[in-house]
2 protein chains.
Amino acid sequence: MRNADRQAIRDLPLFADVDEQRFDELLNAAYVQRIPAHVDLIREGEPADFLYVVIEGSVELFSSSHGRDSSMAIVTPISTFILAATIKDAPFLMSARTVAPSKLLLIPSVNIRAVFEADTRFARAIVTELATCYRGVVKSMKNLKLRTAVERVGNYIIRLQDKSGGADVVELPYGKKILASILGMTPENLSRAFGALQSHGIVVDGPSIEIIDRTALEACCKPNPLIDDPRS
Amino acid sequence: MRNADRQAIRDLPLFADVDEQRFDELLNAAYVQRIPAHVDLIREGEPADFLYVVIEGSVELFSSSHGRDSSMAIVTPISTFILAATIKDAPFLMSARTVAPSKLLLIPSVNIRAVFEADTRFARAIVTELATCYRGVVKSMKNLKLRTAVERVGNYIIRLQDKSGGADVVELPYGKKILASILGMTPENLSRAFGALQSHGIVVDGPSIEIIDRTALEACCKPNPLIDDPRS
DNA sequence: CGCGCGGCTTGACAATGATCAAGCATCCAA
DNA sequence: TTGGATGCTTGATCATTGTCAAGCCGCGCG
């Protein structure tokens, strides 16, 4: 493993305070895997044998039930996924597949659980991580239940602009098909929402979106920091 | 505080392994409150000054944004709510109000965080609790995104029957208006879903529901343990 | 006890969003 | 380079769900 990658993982709040020796143990037990795009990593319902860390690329978490599918989230570097299932030694509630060619670190769950039992600082870091994950999903629920499709799309654009340092032109980081599914709508409806928002301060050109009137966009889509602020 | 209440709280996985002296500290710092029905306990966006424990009665967690409201969960005894906000010292993402006359224990968040820092077993119990809460919300998301309204209602009935030990007749534990909102629909649509399910193995009489053909109900609503099993 | 309010049901109608289908553009593999 | 597959857009149509409204019932309060 490259030192830059190792340091990037070390800098994650989850691992930052772990005892150095135990961090070494985790990494020594782990596997680095380079995976092409569109590869299934794990299937919902299967045991969570590894904690996954996305180093490069991106991973889609999705769920299926009786013929229906829905994307739930995209995990980008440097992030972990399936921490809760790992800690609980429980089956995973979502499947995961690579969206782009990806570099992943797979840390065996037994090692994660061992360090969790042995290192108090790790246990506390896991608390913070899980609390953050929990609040993230609660906010997604609120987004779904309290907003129309157009509002969800508009607020996604606003968040993306904020995340891009306020740039006027932002690029969608993944395809519109997945974005639609994450936002809880069909691709057709996403196209229509983009169309509708062109009267409210944006210009859409494929994966590029220019925000020409942020005020109009916010008036239409009504951002709420208790849903949209990634730090809350 | 009555000994039975104290023991019931002590028996919660969250507190079961906490050092006895520290558990005493928590309870000594706490307040018992008897609250009538329909009283707002906390408003979303406010700081989470207390961890709440429902000892009797029930509490509705709900959210509002720009004129729209939605119920998110009902908390029943013996359970806590707003643990994540307490631990993160963050604003609460949902409001809470009593559904029925309730008896609550309010434990100051500063005390919770102090014991979290001092008692490893508490930290670990919090991990398990948060992981469980996180998985619960993920399952709610899947319920919303992967099912129709009728399926959501039908699976709610199935879960209620399982929770009632398989009884043929079950009672809705709270009003249909709140149930509709938790399941992500209007009260009118809930009534219609109950009506539709009368052709699929149930008989509805006010808050009583008789399941006369569980097989037909399951065939219609397609339960999935990765959504519906409360232990997963 | 009576009245008012809220919950719930039901019907009519409207709105939102999904489905189906066709066409275009792009990307990837042979 | 070419062909096929996939993503995306757009339109027509359909289905699900929300809104509005009225009526009934039960509960709580004066």
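What you see is a predicted model, and the numbers here were worked out from it, not measured in a lab. Naming convention: chains lettered A, B, ... in sequence-line order (proteins, then strands); numbering from 1 in each chain.
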Check: Where along nucleotides 22-30 of chain D does protein come under 4.0 Å, by heavy atom, of base (B) or sugar-phosphate alone (S), with - for untouched nucleotides?
Finding: ---------
Margin query: Within a 6.0 Å radius of atom NZ on Lys176(A), are there more than 12 heavy atoms belonging to other residues, nucleotides or ligands?
Written below: yes
Check: Do you know which two heavy atoms are closest between Val99(A) and Val59(A), and how far apart they sit?
Finding: CG2-C, 4.1 Å
Notebook entry, point to check: According to the side-chain hydrogen bond (donor to acceptor under 3.5 Å, both in side chains) rule, which pairs have a member within residues 187-210 of chain B, sequence neighbours left out?
Noted result: Glu171(B)-Ser208(B)
Notebook entry, point to check: Under 3.5 Å, is there a donor-acceptor pair linking the side chains of Gln7(A) and Asn3(A)?
Noted result: no
Notebook entry, point to check: Taking atom types as modelled, is there a side-chain donor on Ser64(B) or Asp69(B) under 3.5 Å from an acceptor on the other?
Noted result: yes
Notebook entry, point to check: Which pairs pass ring-ring contact (aromatic ring centres under 6.0 Å, His included) with one or both residues in residues 139-195 of chain A, sequence neighbours excluded?
Noted result: none
Note to self: When you compare the side chain of Val54(A) with that of Ser58(A), does any pair of heavy atoms fall below 4.5 Å?
What the structure shows: no
Next item on the list: Taking atom CZ of Arg68(B) as the centre, report whether more than 12 heavy atoms of other residues, nucleotides or ligands fall under 6.0 Å from it.
Entry: yes
Notebook entry, point to check: What string of B, S and - do you get for nucleotides 12-28 of chain C, 5' to 3', when a contact is any protein heavy atom under 4.0 Å?
Noted result: B----SSBBB-------
Item checked: Protein-nucleotide distance (His38(A), atom NE2; dT6(D), atom P), rounded to Å -> 10 Å
Checklist line | Interface with DNA chain C, restricted to residues 167-181 of chain A and to heavy atoms under 4.0 Å | finding: none
Notebook entry, point to check: Excluding sequence neighbours, so at least two apart, what forms salt bridge (Lys or Arg N to Asp or Glu O under 4.0 Å) with Asp168(A)?
Noted result: none
Checklist line | Inter-end axis angle, the helix from dC1(C)-dG30(D) to dA30(C)-dT1(D), with every axis fitted to five base pairs (rounded, 10 degrees) | finding: 50°
Check: Among side-chain atoms of Lys142(B) and Ser70(A), is any donor-acceptor pair under 3.5 angstrom?
Finding: no
Check: Can you list every salt bridge (charged side-chain N to carboxylate O under 4.0 Å, His left out) pair that touches residues 215-227 of chain B, not counting sequence neighbours?
Finding: Glu151(B)-Lys222(B), Arg214(B)-Glu218(B)
Notebook entry, point to check: In residues 194-210 of chain A, which ones come under 4.0 Å of DNA chain D, going by heavy atoms?
Noted result: none
Checklist line | Qualifying ring-ring contact (aromatic ring centres under 6.0 Å, His included) pairs, either residue in residues 45-76 of chain A, two or more places apart | finding: Tyr31(A)-Phe50(A), Tyr52(A)-Phe81(A)
Checklist line | With sequence neighbours excluded, residues passing side chain to side chain donor-acceptor pair (under 3.5 Å) with Asp40(B) | finding: none
Next item on the list: Only counting residues at least two apart or in another chain, list the ones meeting salt bridge (Lys or Arg N to Asp or Glu O under 4.0 Å) with Arg147(B).
Entry: Asp228(B)
Margin query: Could you check whether Lys139(A) and Ser232(A), counting side-chain N and O atoms only, form a donor-acceptor pair closer than 3.5 Å?
Written below: yes
